[in-house]
Amino acid sequence: MSNLGRLNELDALRGLAALAVVLYHYTTRYEAIFGHAKTSYFGFNYGNLGVNLFFMISGFVIFMTITRTNNVTDFAKKRIIRLYPSYIVAVIITFVAVKLYDLGGRGVTLFDGVFNLTMLQGFLPGVIDHVDGAYWSLKVELTFYIIIGVILFFGLKQRVYLLSILWLISTSIFQVLDAITGGYIITKALVFYSIADYAHLFIAGIMFYLLKTENQLKYHLLIGLCLIYEFALNDSKASLFVTMFFGVFYLLINGKLSLLNNKILTFLGAISYSLYLIHQNIGYIIINFMENNGLTNEVYLIIPLLISISLATLLTYSIEKPSLKYFKNKTKLFNNDKSQKPINA
């Protein structure tokens with residue numbers, strides 16, 4: 001299998017996924033919530049599936065990460081350092097912006113806003129509101145990280161194929177039970193907290209990583225089962241897009257996506273997390289303001305897009321990357337101090 005080197009192609013896919021989600025929110029989702037001032041506004045109806053691509057990328061990258069560590073504490077620290085600094089700043093900016101600009105009741109209480117800083121609000125649906133609706137996917141990611149942390153803690157990395165099968169079987173059972181009971185509260189909770197709607201995407205990402213390292217039939221078979229799960233769960237059009245994502249990953253692991261390795265897409269990939277965090281309500285405010293002032297043509301979407309990209313760039317290079325560098329250097333210093341300590345100290 002081809003070596004992906006610095007994984008520039010994956011960064012590019014992240015960038016494309018983020019861009020798809022942004023365009024979906026600024027067109028289709030905005031129309032559903034507020035209604036564009038212009039009739040027959042351009043739609044990007046399946047851009048929300050960029051999140052599904054994110055989940056597949058996460059399965060691939062996170063499992064690749066844990067192949068290099070057996071320490072669950074290190075894994076947790078790295079995830080926290082990676083996720084929280086930009087997130088906390090994005091929450092504050094978004095909360096203040098929505099408080100200052102009346103966005104049709106999309107603001108949340110101060111208590112909810114403060115609780116959002118924990119990133120745990122997604123685990124309490126109906127109790128704590130999101131500062132920004134885009135944050136729903138963070139609960140899914142965190143659940144996956146918890147599952148990976150458990151695998152690391154019990155030293156089960158080598159059993160990930162079997163565990164993935166068991167996870168897929170379990171979520172299939174939860175989905176069937178939920179359908180049979182008509183959404184009974186217990187079965188809904190099982191589906192929700194096992195991330196049953198998205199488990200197959202993370203599993204597929206892991207299998208694609210394993211295929212990259214070792215081409216075995218069993219990995220292809222489990223990927224096929226994940227695809228069957230997708231079609232059983234979702235409408236055919238959405239599932240066809242996800243099928244395309246699977247095809248893209250086959251190209252990726254075989255080194256056939258070099259065309260994505262360009263500076264624009266890798267830059268978008270580098271800022272994709274911050275762009276995802278900051279774009280939605282901020283963009284809605286800008287679009288709402290523009291349309292209230294007569295700027296109703298789709299071409300003006302370049303304005304919220306450029307502002308969101310600028311904010312994401314600022315977050316990435318003034319918050320996210322410096323935080324990563326600071327804690328990385330601090331960890332090195334700590335490890336050096338430990339290594340230089342006398343044995344009897």
Please list every donor-acceptor pair under 3.5 Å in which a side-chain atom of residues 240-253 meets a protein atom from a residue at least two apart or in another chain.
| from | atom 1 | to | atom 2 | distance (Å) |
| --- | --- | --- | --- | --- |
| T243 | OG1 | S239 | O | 2.8 |
| Y250 | OH | H220 | ND1 | 2.9 |

Could you list all the ring pair (Phe, Tyr, Trp, His ring centres under 6.0 Å) pairs where at least one residue sits in residues 112-140, not counting sequence neighbours?
-> Y87-Y135, W136-Y198

Qualifying ring pair (Phe, Tyr, Trp, His ring centres under 6.0 Å) pairs with a residue from residues 141-184, counting only residues at least two apart or across chains = F144-F202, Y161-Y219

L16 side chain reached by L265 side chain, heavy atoms, under 4.5 Å = yes

Spatial distance of atom CG (L275) from atom OG1 (T316) [nearest 0.5 Å] = 8.5 Å

Should the ring pair F289 and Y101 be called parallel, tilted or perpendicular, given that the plane angle runs from 0 to 90° and is split at 30 and 60?
-> perpendicular

Backbone N/O of T27 and side chain of H36: donor-acceptor pair under 3.5 Å = yes

Quick one: do D74 and K77 make a salt bridge, cutoff under 4.0 Å?
-> no

Co-members of V176 in a cluster of I, L, V, M, F, W and Y side chains, linked at under 4.5 Å | I180

Does any non-hydrogen side-chain atom of Y84 lie less than 4.5 Å from one of R79?
-> no

Keeping the roles fixed (side chain from N329, backbone from K325), state whether a donor-acceptor pair exists under 3.5 Å.
-> yes

State whether the number of non-hydrogen atoms from other residues, nucleotides or ligands found under 6.0 Å of Y300 atom OH is greater than 12.
-> no

Side-chain donor-acceptor pair present, S58, E141, cut-off under 3.5 Å = yes

For the residue pair Y30 and H25, is the inter-centroid distance of their aromatic rings smaller than 6.0 Å?
-> no

Just checking, any donor-acceptor pair under 3.5 angstrom between side chains of Y41 and T28?
-> no

Exceeds 12 heavy-atom contacts within 6.0 angstrom, atom CG of L162 | yes

Any donor-acceptor N/O pair, T213 side chain to L210 backbone, under 3.5 Å | yes

Residue pairs meeting salt bridge (charged side-chain N to carboxylate O under 4.0 Å, His left out), one or both in residues 226-244, sequence neighbours left out, come to none

Are I165 and L156 joined in one hydrophobic group, where the rule is that I, L, V, M, F, W and Y side chains link up if heavy atoms are under 4.5 Å apart?
-> yes

The salt bridge (charged side-chain N to carboxylate O under 4.0 Å, His left out) partners of E31 (sequence neighbours excluded) come to none

Taken to the nearest 0.5 Å, the spacing of I62 CD1 from I147 CD1 works out to 12.5 Å

Taking a hydrophobic cluster as the set of Ile, Leu, Val, Met, Phe, Trp and Tyr residues connected by side-chain heavy atoms closer than 4.5 Å, whether directly or through intermediates, do V150 and L168 fall within one such cluster?
-> yes

Would you say Y284 and L306 are hydrophobically clustered, going by side-chain heavy atoms of ILVMFWY under 4.5 Å?
-> yes

With a 4.5 Å limit on heavy-atom distance, are the side chains of L305 and L19 in contact?
-> yes

So, for G50 and A17, which heavy atoms are closest and what is the spacing to 0.1 Å?
-> O-CB, 3.5 Å

Is L190 reachable from I169 through a run of hydrophobic residues whose side-chain heavy atoms are each under 4.5 Å from the next?
-> no

Flag, side chain of N254 to backbone of K256, donor-acceptor distance under 3.5 Å | no

For E9 and N261, does a side-chain donor sit closer than 3.5 Å to a side-chain acceptor?
-> no

Test: K139 cationic atom under 6.0 Å from F192 six-membered ring centre, within 45° of axis = yes

In Å and rounded to the nearest 0.5 Å, what is the NE2 to CG distance from H200 to N234?
-> 6.0 Å

Nearest heavy-atom pair of Y273 and S86: which atoms, and what distance?
-> CE2-CB, 4.3 Å

Quick one: list whatever passes salt bridge (charged side-chain N to carboxylate O under 4.0 Å, His left out) with R82, sequence neighbours left out.
-> E320

Where at least one partner belongs to residues 117-130, residue pairs that pass salt bridge (charged side-chain N to carboxylate O under 4.0 Å, His left out), sequence neighbours excluded | none

Under the side-chain hydrogen bond (donor to acceptor under 3.5 Å, both in side chains) rule, collect the residues that match up with T181, sequence neighbours excluded.
-> T187

With sequence neighbours left out, what residues match K38 under salt bridge (charged side-chain N to carboxylate O under 4.0 Å, His left out)?
-> E298

Has the side chain of D11 got a donor or acceptor atom that lies under 3.5 Å from a matching backbone atom of A270?
-> no

Remaining members of the apolar cluster that contains L314, side-chain heavy atoms under 4.5 Å | none

Between H279 and I309, is any pair of side-chain heavy atoms under 4.5 Å apart?
-> no

Shortest non-hydrogen contact from A90 toward L277 | CB-CB, 3.8 Å

Point-to-point distance, once rounded to the nearest 0.5 Å, from OG of S308 to CD1 of I303 | 12.0 Å

What do you reckon, is CD1 of I185 surrounded by more than 12 foreign heavy atoms closer than 6.0 Å?
-> no

Hey, could you give me the CG/OG distance between L222 and S164, rounded to the nearest 0.5 Å?
-> 6.0 Å

K157 side chain to I66 main-chain N or O, any donor-acceptor pair under 3.5 Å?
-> yes

Hey, is the main chain of V131 close enough, under 3.5 Å, to the side chain of N281 for a donor-acceptor pair?
-> yes

With sequence neighbours left out, the residues meeting side-chain hydrogen bond (donor to acceptor under 3.5 Å, both in side chains) with Y229 are T171

Should N292 and N288 be marked as a side chain to side chain donor-acceptor pair (under 3.5 Å) after you check the CA-CA gap, both sets of side-chain angles, and the distance that decides it?
-> CA-CA 6 Å; N292 287 341; N288 192 269; 3.0 Å; yes

Kindly indicate whether the side chain of Y46, heavy atoms from C-beta on, has any atom under 4.5 Å from the side chain of Y24.
-> no

